[in-house]
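Notes for the one structure printed next.
Numbers here are sequence positions counted from 1. As the structure is a computational prediction, the values presented were derived from the model and not from experiment.
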Amino acid sequence: MTRPIHSIALTAFAVLALPTASAFAEVHEIDSDFDGKVDQWQHLSASGKPEKVEFDKSGDGKADQVEYYDGKGNRIRVEFDRNHDGRMDQFQHYSASGKIEKMELDSTHSGKIDWTETYNSQGKLAKAVRDENEDGKPDQWQFFNASEQLERIEYDTNHDGQVDRWDRLNSSGKIAESSFDTNGNGKPDQWQSFNSFEMMEKVGFDTNGNGKADQWQIYGPDAKVVRVEIDRNHDGKPDQVINK
């Protein structure tokens with residue numbers, strides 16, 4: 001099961017006094033760690049407010065983190081070059097209040113965004129979307145609760161643009177139930193239930209296409225089927241039991 005990719009935390013840096021007014025736009029070059037090398041570039045507007053700040057975190061003389069600001073001095077976007085190849089591969093977007101709203105990531109350094117996280121108004125992770133095969137279309141969706149705990153995942157396993165698997169997770173972050181669309185009609189027709197150790201306990205099948213299980217396989221502790229239950233008249237209750 002794919003786990004969410006957490007965004008890179010911004011490294012704190014010393015706040016330098018900026019002029020309150022300036023006749024011309026300026027660029028301030030800073031050696032923040034006093035090693036004799038410039039590692040920070042502050043681009044200021046004509047009014048003295050920051051427009052862009054570049055950081056060289058790796059010490060190779062090239063910017064690998066860039067912060068962008070609005071006209072009021074509020075940070076609105078941060079870009080990272082995580083593998084120091086000269087190409088930005090992580091982008092974080094912020095609200096006017098300073099809380100993160102969205103994070104986009106090129107996790108494989110292919111030049112394509114394949115992971116996007118969106119955050120709620122409190123700046124907490126609410127949803128993550130993945131493009132596993134990098135075809136420009138999402139194929140996995142992760143949903144989080146108010147405590148940023150992963151609750152459910154949806155998949156497009158055959159990359160046809162339609163969800164065909166649904167996972168529900170328990171409070172420990174383990175799969176409690178998986179549902180599958182095996183005939184491509186966009187609706188689940190198979191349901192798998194798991195115990196707290198993620199061992200399969202029960203599988204339900206919809207054999208007549210009415211959206212409800214009418215046949216169940218019950219599994220024992222050795223992961224083998226010990227009983228089959230069948231609902232022959234489709235009233236929601238098994239009326240035939242086969243013990244293995």
Let me confirm one number: the [atom1]-[atom2] distance from [X] to [Y], rounded to the nearest 0.5 Å.
X	Y	atom1	atom2	answer
Q122	E148	CD	CD	10.5 Å
D64	R82	CG	CZ	12.0 Å
T118	E104	OG1	CD	11.0 Å
D81	H109	CG	NE2	8.5 Å
K137	H159	NZ	NE2	9.5 Å
K237	D231	NZ	CG	9.0 Å

Starting from [Y], can I reach [X] by hopping between I/L/V/M/F/W/Y residues whose side chains sit under 4.5 Å apart?
X	Y	value
L105	I100	yes
I175	F180	no
L169	L125	yes
V203	F194	yes
I113	M88	yes

Open item on the list: Run K72 and D70 through side chain to side chain contact (heavy atoms under 4.5 Å, CB included) and show every step you take.
Closed with: CA-CA 5 Å; K72 300 178 181 179; D70 63 13; 3.6 Å; yes
Closest heavy-atom pair and its distance - [X], [Y]:
X	Y	value
K49	G73	CD-N, 4.3 Å
W191	F205	CZ3-C, 4.3 Å
S178	D167	OG-OD1, 2.7 Å
K187	W166	C-CH2, 4.3 Å
P221	M199	O-CE, 3.3 Å
S45	E51	CB-OE2, 3.4 Å

Task: Q190 versus Q192, side-chain donor and acceptor atoms under 3.5 Å - done: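 The answer is yes; a qualifying pair exists.
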- [ ] Before accepting this row, confirm whether a basic side-chain N of the pair R75/E67 lies closer than 4.0 Å to the acidic partner's carboxylate O.
- [x]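 A salt bridge links R75 with E67.
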TODO: Taking D239 for its side chain and R232 for its backbone only, find out whether a donor-acceptor pair lies under 3.5 Å.
DONE: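 Yes, D239 side chain to R232 backbone: donor-acceptor pair under 3.5 Å.
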Task: Any donor-acceptor N/O pair, Q140 side chain to I153 backbone, under 3.5 Å - done: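 Such a contact is absent between Q140 side chain and I153 backbone.
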Non-hydrogen side-chain atoms of [X] and [Y] separated by less than 4.5 Å:
X	Y	result
D214	I230	no
V66	V78	no
D60	K62	yes
D106	F91	no
W115	M103	yes
V225	Y219	yes
P50	Q42	no
R152	F143	yes

TODO: Test T157 against every option in D181, D164, D139 by the side chain to side chain donor-acceptor pair (under 3.5 Å) rule and name the one that passes.
DONE: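 The residue from D181, D164, D139 that satisfies side chain to side chain donor-acceptor pair (under 3.5 Å) with T157 turns out to be D164.
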- [ ] Could you pull out all residues at least two apart from R77 that satisfy salt bridge (Lys or Arg N to Asp or Glu O under 4.0 Å)?
- [x]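 Salt bridge (Lys or Arg N to Asp or Glu O under 4.0 Å) list for R77, sorted by chain: E79.
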Open item on the list: Apply side chain to side chain contact (heavy atoms under 4.5 Å, CB included) to residues D39 and D31 and explain how you reach the verdict.
Closed with: CA-CA 5 Å; D39 52 31; D31 174 12; 3.9 Å; yes
Open item on the list: Checking E54 against H43 for the side-chain hydrogen bond (donor to acceptor under 3.5 Å, both in side chains) test, could you report, in this order, the C-alpha distance in whole Å, the side-chain angles of both residues, the deciding distance, and whether it holds?
Closed with: CA-CA 8 Å; E54 301 173 284; H43 301 256; 2.7 Å; yes
